[in-house]
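One structure below.
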Protein chains: 2
Amino acid sequence: MHRETLQRYMNYLLLLTKLKSEGRATVTSDELAVREGVTGSRVRQDLSALRILGKPRQGYRIADLEILISSMLDILSAKPVALVGIGNLGRALVLSDIWSHAGFDLVALFDNDPALIGTSVAGLPVRDAAIMERFIQEQGIESACLALPADKAQAVADRLVDAGVRALWNFALIDLDVPAGIIVENQRLEQGLMALSFRIAKRNQDIARGPQD
Amino acid sequence: MHRETLQRYMNYLLLLTKLKSEGRATVTSDELAVREGVTGSRVRQDLSALRILGKPRQGYRIADLEILISSMLDILSAKPVALVGIGNLGRALVLSDIWSHAGFDLVALFDNDPALIGTSVAGLPVRDAAIMERFIQEQGIESACLALPADKAQAVADRLVDAGVRALWNFALIDLDVPAGIIVENQRLEQGLMALSFRIAKRNQDIARGPQD
DNA sequence: TAGATTGTTAATCGATTAACAATC
DNA sequence: TAGATTGTTAATCGATTAACAATC
């Protein structure tokens, strides 16, 4: 599946949650479409691909959509995940509620700073990175989040993969080198900010050039 | 420009930095292509669109590429930006070096927690959110980053836009409602994690189905 | 010179839109 | 019933690849 298509499904889910909170029970393809900047036709094809059926004159049942999109994304499960690096970013992630929303269960925190080891964040103890491999093997953890500086990320990734981790959520601005079959999802904050910079520059150019009536 | 194209340019830049650190002075379109999972043809078209010229048998000069891509993204400038919300995430962002790399100069921090106001992070004072509008107007700040909970983001965005901010980098999981012409770049951490969940599910299905030889 | 690589045009592919009969 | 909206096929559009003459 194309990355953009995946993004669309996630946006549908976000919109559905909002609509449900407004008391709505059904939604039409055109409604979802305008919010997404796409046509109703595209939305109907997306939903059709998931074998979601709507009814003429009524649209789609929001509850059905939520369940089917959620199960496609596999976010109804609770895959155990470990987080390495309890700096400010790591701490923010631990305290957030994204894990359960995205189908994960944050079960272990690791750091190598003696001042942090033994403390706890959101009720989870910070464990010594020295025992990371053993803990991950014993618990059968297959996913991990790297909230580390770029210069430490590769070494930690290598250790995690050796211990059995098969999917990484990487915040370090570095292209991790991993064996085939290991999934790396890069969360590049820097790129989001660069994209903003580009869009500002583009808008300013458009304004300078004058609007075309 | 398509989002995916923009992403490609940013990835080229990342690769160039790495190549330069390895002492390389030139790079061919095919080299950039394989790293990006695309053909040399696409890379040559991307660079051609930026009026970057290479030389047969040698490729493109890395220094040229860096300057031209950087100036297209406008990341060589230093646009003043304010950050609102000095929680763990805000703190992580302040302490990172992404701002200057992406063409911004972080000049002001705001929060409404009395315990934080007056303290400083990375040498920058945390200011009272009550004086936010005035400060932003006086300094002519046109960009801001929202590192806030979803339930506070819309109200703060409204105040910022009223004060003259025209571009927002939003970390809250909410679709901000802003006037036409105001740019919002959403940084949805939750979506990155959901994408990982989906990719894991898909890989596991593929393995279960067996590899097609 | 020979040949590796560019710059660019034409061909292909896939995603999006348009269209419309089916239907609740 | 009438008509709004679906589900699906065909048409369009744009991005990517292929191809190849130009050239350093």
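Residue numbers begin at 1 in each chain, while the letters A, B, ... track the order of the sequences.
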Please state how far atom [atom1] in [X] lies from atom [atom2] in [N], giving the value in whole angstrom units.
{"X": "B:I52", "N": "C:dG7", "atom1": "CD1", "atom2": "P", "result": "10 Å"}
{"X": "B:M1", "N": "D:dG14", "atom1": "CE", "atom2": "C1'", "result": "15 Å"}
{"X": "B:E31", "N": "C:dA4", "atom1": "CD", "atom2": "C1'", "result": "13 Å"}
{"X": "B:E4", "N": "C:dG14", "atom1": "CD", "atom2": "P", "result": "14 Å"}
{"X": "A:L65", "N": "D:dT5", "atom1": "CG", "atom2": "C1'", "result": "14 Å"}
{"X": "B:L53", "N": "C:dT8", "atom1": "CG", "atom2": "C1'", "result": "12 Å"}
{"X": "A:E36", "N": "C:dT16", "atom1": "CD", "atom2": "C1'", "result": "14 Å"}
{"X": "B:H2", "N": "D:dC13", "atom1": "NE2", "atom2": "C1'", "result": "11 Å"}

Set out, in order, the CA-CA distance, both residues' side-chain angles and the distance that settles side-chain contact (heavy atoms from CB on, under 4.5 Å) for B:R91 and A:R91, then state yes or no. CA-CA 10 Å; B:R91 212 171 285 271; A:R91 212 170 286 269; over 6 Å; no

Rounded to the nearest 0.5 Å, the CD1 atom of B:I75 sits from the CG atom of B:L13 at a distance of 5.0 Å

Assess whether a salt bridge exists between B:R3 and A:E4, defined as any Lys/Arg side-chain N lying under 4.0 Å from an Asp/Glu carboxylate O. no

Exercise. Just do the side-chain contact (heavy atoms from CB on, under 4.5 Å) check on A:L193 and B:Q187 with the steps written out, would you?
Key: CA-CA 9 Å; A:L193 193 55; B:Q187 189 75 48; over 6 Å; no

Under the rule of Watson-Crick or G-U wobble with both distances under 3.5 Å, where | means paired to another strand and [ ] a crossing pair, DNA chain C maps to ..||||||||||||||||||||||

Between [X] and [N], is there a side-chain N or O to OP1/OP2 distance below 4.0 Å?
{"X": "B:R42", "N": "D:dT17", "answer": "no"}
{"X": "B:R8", "N": "D:dT16", "answer": "yes"}
{"X": "A:S48", "N": "D:dT6", "answer": "no"}

Q) Is there a donor-acceptor contact under 3.5 Å linking the side chains of B:D158 and B:Q154? A) yes

Scan B:L47 against the nucleic acid and name what it touches under 4.0 Å (heavy atoms): base, sugar-phosphate only, or nothing. nothing

Listed pairs under 3.5 Å, donor-acceptor, residues 56-65 of chain A side chains, sequence neighbours left out:
none

5' to 3', nucleotides 18-24 of chain D under a 4.0 Å protein heavy-atom cut-off (B base, S sugar-phosphate only, - none) gives BB---BB

*asked:* Would A:L14 and B:R188 count as a side-chain contact (heavy atoms from CB on, under 4.5 Å) here? Give the steps.
replied: CA-CA 11 Å; A:L14 191 63; B:R188 299 264 161 91; 3.3 Å; yes

- prompt: Are B:K79 and B:D74 close enough, and set up right, to give a salt bridge (charged side-chain N to carboxylate O under 4.0 Å, His left out), and what steps lead you there?
  reply: CA-CA 10 Å; B:K79 301 170 280 292; B:D74 194 32; 3.4 Å; yes

Within residues 13-29 of chain A, those residues having any heavy atom closer than 4.0 Å to DNA chain D are A:T28, A:S29

With sequence neighbours left out, the residues meeting salt bridge (charged side-chain N to carboxylate O under 4.0 Å, His left out) with A:D46 are A:R8, A:R42

The residue, B:G37 or A:G54, whose nearest nucleotide of DNA chain D is more 5′ is A:G54

The residue among B:V27, B:L32, B:T28 that forms side chain to side chain contact (heavy atoms under 4.5 Å, CB included) with B:V43 is B:L32

(message) Using side-chain contact (heavy atoms from CB on, under 4.5 Å), reason through B:F135 and B:F110 one step at a time and then give a plain yes or no.
(response) CA-CA 10 Å; B:F135 190 92; B:F110 296 101; 3.8 Å; yes

With sequence neighbours left out, the residues meeting side-chain hydrogen bond (donor to acceptor under 3.5 Å, both in side chains) with A:R127 are none

